[in-house]
Amino acid sequence: MHSDSVATAYTTVDGDFVHELEIKRSRFITYLRRVESEEQARGLIAELRKSHFDARHHCSAFILGPDRMAMRSNDDGEPSGTAGIPMLDALAKRETAPGVTDLSDIVAVVVRYFGGILLGAGGLVRAYSDSVSSALDAAPLVRRQRMRILGIDTDYVAAGKLENDLRAGGIQVLGTDYGPRLATLRVALNDENDAIEQFKDRLATLSAGAGTAENLGTEWVDLR
């Protein structure tokens, strides 16, 4: 997915995360989830409507795609512009590195249990914005990069040592597939010609010329 994007990297939330704030006796429970489609984002909203059926509001915002082309928000009954937009702003303007705003493939849902005290429009904007921002402060984030995937065929005996040597050299090894005659190591490299040529030279040295790399296309890979 996302293979035709202009962006070559972006940041997302690493799994599911929940965070709660209490503001003037109202409970604001923020759920963050990594998603890759509008259907998945709406799936979380639907889940929370069921599990928090007694809550007053289930406000939401999501951003999709490496290029962040899809951005949506919903006030779910709060005064127009006081919930969804502030939540979306908190996602869209989040700096994941100095000067970098690239958070995407993420949905935020804030479930509100009304505490009896009216917050006013300005108070609601702050509450929903702060709910998402404080959740992001605590949530685990992960950087995703479009990588070139190469397959390296080798015999079973050499596969283990070659994998260790590659990892020791800072190469991201995604895994090893064992076929009927050969093992295939799958590695991820920066999607740049220079990086690929340098890797092939290194592979020739490590494998004494026995290892050959086949281009398997590109994938989005979590950088760990």
Side-chain angles (χ1 to χ4, degrees), residues 2 5-7 9-144:
H2 303 331
S5 71
V6 174
Y10 67 101
T11 303
T12 190
V13 65
D14 195 8
D16 285 21
F17 188 75
V18 187
H19 185 268
E20 183 171 341
L21 287 181
E22 186 173 316
I23 301 167
K24 294 188 177 175
R25 299 218 293 260
S26 277
R27 290 173 65 204
F28 292 84
I29 309 169
T30 301
Y31 289 80
L32 302 176
R33 176 176 289 179
R34 174 171 165 172
V35 292
E36 289 195 346
S37 68
E38 190 161 332
E39 184 181 14
Q40 289 178 3
R42 298 201 182 283
L44 176 61
I45 300 165
E47 281 175 37
L48 296 176
R49 285 193 189 283
K50 287 180 182 173
S51 59
H52 291 282
F53 63 89
D54 53 344
R56 179 73 69 91
H57 304 283
H58 306 79
C59 305
S60 58
F62 58 84
I63 302 176
L64 299 175
D67 299 320
R68 312 209 300 172
M69 296 297 284
M71 295 190 183
R72 305 276 187 277
S73 65
N74 190 300
D75 293 314
D76 193 43
E78 293 282 29
S80 180
T82 62
I85 294 292
M87 290 170 61
L88 186 59
D89 278 351
L91 295 176
K93 294 176 181 175
R94 164 63 49 150
E95 286 198 2
T96 58
V100 178
T101 53
D102 67 349
L103 195 62
S104 194
D105 279 1
I106 184 171
V107 57
V109 181
V110 177
V111 175
R112 183 189 181 193
Y113 285 91
F114 183 55
I117 299 173
L118 294 172
L119 301 182
L124 286 172
V125 168
R126 279 191 301 278
Y128 280 100
S129 177
D130 289 351
S131 293
V132 174
S133 291
S134 57
L136 288 172
D137 287 343
L141 300 179
V142 63
R143 188 151 179 80
R144 282 171 67 69

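Between Asp102 atom CG and Thr96 atom OG1 the span is 3.5 Å, to the nearest 0.5 Å. Distance CZ/Arg27 to CG/Leu21: 11.5 Å, rounded to 0.5 Å. With rounding to the nearest 0.5 Å, the separation of CG in Leu103 from NZ in Lys93 is 14.0 Å. The line from CD1 of Ile106 to CD of Glu36 is 13.0 Å long, rounded to the nearest 0.5 Å. In this structure, the separation between CG on Leu48 and SG on Cys59 is 12.0 Å, given to the nearest 0.5 Å. Atoms NE2 and CG, on His58 and Leu44 in that order, are 10.5 Å from each other to the nearest 0.5 Å.
Judged by distance alone, the side chain of Asp14 and the main-chain N or O of Val142 form no donor-acceptor pair under 3.5 Å. Put simply, the side chain of Asp105 gets close to the backbone of Gly65: a donor and an acceptor are under 3.5 Å apart. When atom types are taken as modelled, the side chain of Thr12 and the backbone of Ser104 share a donor-acceptor pair closer than 3.5 angstrom. Counting only distance, with no hydrogens or angles, the side chain of Asp75 and the backbone of Ala83 share a donor-acceptor pair below 3.5 Å. Side-chain N or O atoms of Asp67 include one that pairs as donor or acceptor with a backbone N or O of Ala7 at under 3.5 Å.
Annotation: side chain of Ser134 is in contact with side chain of His19 (closest heavy-atom distance under 4.5 Å). Under the 4.5 Å side-chain criterion, counting only non-hydrogen atoms from C-beta, Val132 is not in contact with Arg94. Side-chain atoms of Leu136 and Leu91, non-hydrogen and from C-beta on, do get closer than 4.5 Å to each other. Between Phe62 and Arg33 there is no side-chain heavy-atom pair separated by less than 4.5 Å.
Nearest heavy atoms, Ala139 versus Leu32: CB-CD1, 3.8 Å. Here the closest heavy-atom approach between residue Arg143 and residue Ala9 is recorded as NH2-CB, 3.4 Å. Of all the heavy atoms in Leu124 and Pro79, the pair that sits closest is CD1-CD, 3.7 Å. The two residues Gly81 and Val125 come nearest to each other via the heavy atoms O-CG2, 4.0 Å. Of all heavy-atom pairs spanning Glu22 and Arg25, the tightest one is OE2-CA, 3.8 Å. Nearest heavy atoms, His57 versus Asp76: ND1-O, 2.8 Å.
By the side chain to side chain contact (heavy atoms under 4.5 Å, CB included) test, Met71 is found to be paired with Ile63, Arg68, Leu88, Ala92, residues two or more places apart in sequence or in another chain being considered.
Listed by first then second residue, pairs satisfying side chain to side chain donor-acceptor pair (under 3.5 Å) with a partner in residues 108-132 read Ser26-Arg112, His52-Tyr113, Asp54-Tyr113, Glu78-Arg112, Glu78-Tyr128, not counting sequence neighbours.
In summary, the side chains of Asn74 and Ser60 do not present any donor paired with an acceptor at a separation below 3.5 Å, with no hydrogens or angles considered.
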